[in-house]
*Asks:* 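Pasting in a structure now, in structure tokens, and then I'll have a few things to ask.
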Protein chains: 2
Amino acid sequence: MNTSNSDVEDLEPRSVVDDVVAQMRDLISERGLTVGDQLPTEKELCEIFGASRNTVREAMRILKAYGVVKVRPKVGATIVDNRMSSAMDMFSFNVMDISRDTFSDIQGFRCLLEVSSVEEIFDSITDEDIADLREINAKLLKTGGVERAAEQDFLFHTRLIRVLRNKAILDVYGLMKPVILKIIQKGKTRHTFENNTYHEHEAVIDAIVARDRIAYQYRMKTHLEAGYAHFSETSPFAENSK
Amino acid sequence: MNTSNSDVEDLEPRSVVDDVVAQMRDLISERGLTVGDQLPTEKELCEIFGASRNTVREAMRILKAYGVVKVRPKVGATIVDNRMSSAMDMFSFNVMDISRDTFSDIQGFRCLLEVSSVEEIFDSITDEDIADLREINAKLLKTGGVERAAEQDFLFHTRLIRVLRNKAILDVYGLMKPVILKIIQKGKTRHTFENNTYHEHEAVIDAIVARDRIAYQYRMKTHLEAGYAHFSETSPFAENSK
DNA sequence: TTAACCCTATTTGTCCAACAAGAAGCTGTC
DNA sequence: GACAGCTTCTTGTTGGACAAATAGGGTTAA
């Protein structure tokens, strides 16, 4: 019923910094500022908001963390939009012991993106896409080390997503990269060999070339679930929390 | 070829604050800290990192902006994981004039999530889900005002996504809320009436109840594209940048 | 011994002042 | 008019100060 954006626990009085952030958002909105425009200097912002420079700076740090402004020393702050990149930075913190539920969810998401989107992929894919996929997959055989192989594996799936020519989906896929990498790594360290992955990928590509909808969905689903099978029973990252 | 995470323009020497952020990430990782654990006090962090308190505070602001820590005054900082919520805060800034490409991408994403996921929806949906959907849709008729109606419309689609029982997908859908709302609003201000939307939603629900895969996909796709049709020719939000 | 109370130290939030380094703009000279 | 040099401005960082409120310890009373 409660459709408020943030959680209900807003009993805490908002700090001055939070207030300045809100005022800055309003200021950007009121002045119709957009990407490339310059923000007032810190001193001016101090006068506008009636806050000290430290407070303004902390607020500015938040905007920078959001990827909304870019500050060049001794020059000033300009509005940008690197929010997707910033979102990826957010997930560079391994603060959460990734639960099995999260893994399930991400894996389900991948299935939706890569398996259920057959039609769109078949519609959009070009010979160049297929050549790229084969090239990336070929490198998988020559890649040593679990982490490198996982990166290459992820690269293959990213390239497949790229076929959809949809930046939003690509960004979201990039957002899930850390978790996907762990899923892949876990699969590889268990018993799956690069050879295995390579042949599964090839089979997927073959199905695409043949425009065999059923085969594609079956092979991709099997491939994804093979990497995920190891999470089914055991708690995935118990060894992480020492 | 370049698979670096951030852009190439990292010539700028990292500031001390960025350095402290990185060190905090390492500290969290090394000590195996996880959700619920306490971080050292600001003074201790100053000594650990050899930085001044203001610098440490600015770094802490970044972590707070990321939704990685929660600071309670006079108590300290504890590790949390509100990154998805923080991501939504990020997108509360209307700094970018949303391009038609972005609209296209988001709309395509919605199609993938809501249309292509028929099988999963049909598999998972319960009578309670359907009752909720009908109830939400019924409120659409009694909701006045474009913005309120758009919210209610969005609520309907969110509830449908919730059927998938996948938090990752739900979070991503929430992430796209601002853009989706604008798409819906634009559609409504043109010529679509609440009545229209209501009946389209009802038709979708009926298709679900009948487990009619073809009808569902057709109706949902038509419904989504109807709202989006107005963006096809004209530049969507030229009037926004005054 | 236990419970209640009070006091002190601690911790975060905010502010002020200062300096360094470098960019931008102005000025004077040729 | 063009260029060199200077001044001013702006951000990055540091240190210190105070307020407010909590946590914890010590004291006292039952």
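Below, read A as the first sequence line, B as the second, and so on, with proteins coming before strands; counting in each chain starts at 1.
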*Asks:* Short of 4.0 Å, heavy atom to strand atom, which residues of residues 48-62 of chain B count as contacting DNA chain C?
*Replies:*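 Close to the strand are B:R53, B:N54, B:R57, B:R61.
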*Asks:* Of all the heavy-atom pairs spanning A:C46 and A:V56, show the shortest one and how long it is.
*Replies:*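 Smallest heavy-atom distance, with atoms named: SG-CG2, 3.9 Å.
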*Asks:* What is the separation between atom CZ on A:R14 and atom C1' on C:dT14, rounded to the nearest whole Å?
*Replies:* 16 Å
*Asks:* Going by ring pair (Phe, Tyr, Trp, His ring centres under 6.0 Å), name the residues that satisfy it together with A:Y173, two or more places apart in sequence or in a different chain.
*Replies:*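 Scan of A:Y173 (ring pair (Phe, Tyr, Trp, His ring centres under 6.0 Å), adjacent residues dropped) gives A:F154.
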*Asks:* In whole angstroms, how far is the C1' atom of C:dT12 from the CD atom of B:Q38?
*Replies:*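 Rounded to the whole Å, the gap is 12 Å.
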*Asks:* Roughly how many Å is it from CG in A:L45 to P in C:dC15, rounded to a whole number?
*Replies:*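 Result: 14 Å.
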*Asks:* Go through the structure and list residues passing ring pair (Phe, Tyr, Trp, His ring centres under 6.0 Å) with B:F109, not counting sequence neighbours.
*Replies:*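 With sequence neighbours excluded, B:F109 shows a ring pair (Phe, Tyr, Trp, His ring centres under 6.0 Å) to no residue whatsoever.
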*Asks:* Using the test side chain to side chain contact (heavy atoms under 4.5 Å, CB included), find all partners of A:E42 that sit at least two apart in sequence or belong to another chain.
*Replies:* A:R53, A:R57
*Asks:* For A:D129, give me all partners under salt bridge (Lys or Arg N to Asp or Glu O under 4.0 Å), at least two apart in sequence or on another chain.
*Replies:* A:R159, A:R165
*Asks:* Below 4.0 Å from chain A heavy atoms, what is the first contacting nucleotide of DNA chain D and what is the last?
*Replies:*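 In short, chain A contacts DNA chain D from D:dT10 to D:dG15.
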*Asks:* Which residues satisfy the salt bridge (Lys or Arg N to Asp or Glu O under 4.0 Å) test with A:D37, sequence neighbours excluded?
*Replies:* none
*Asks:* Output all residues satisfying salt bridge (Lys or Arg N to Asp or Glu O under 4.0 Å) with B:E120, sequence neighbours left out; order by chain, then residue number.
*Replies:*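 Salt bridge (Lys or Arg N to Asp or Glu O under 4.0 Å) check on B:E120 returns nothing, list empty.
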*Asks:* Quick one: salt bridge (Lys or Arg N to Asp or Glu O under 4.0 Å) partners of A:K167, sequence neighbours excluded?
*Replies:* A:D171
*Asks:* Taking for each residue the nucleotide of DNA chain C bearing the nearest heavy atom, is the 5' side occupied by B:P40 or by A:V75?
*Replies:*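 By nearest-heavy-atom nucleotide position, the 5'-most residue is B:P40.
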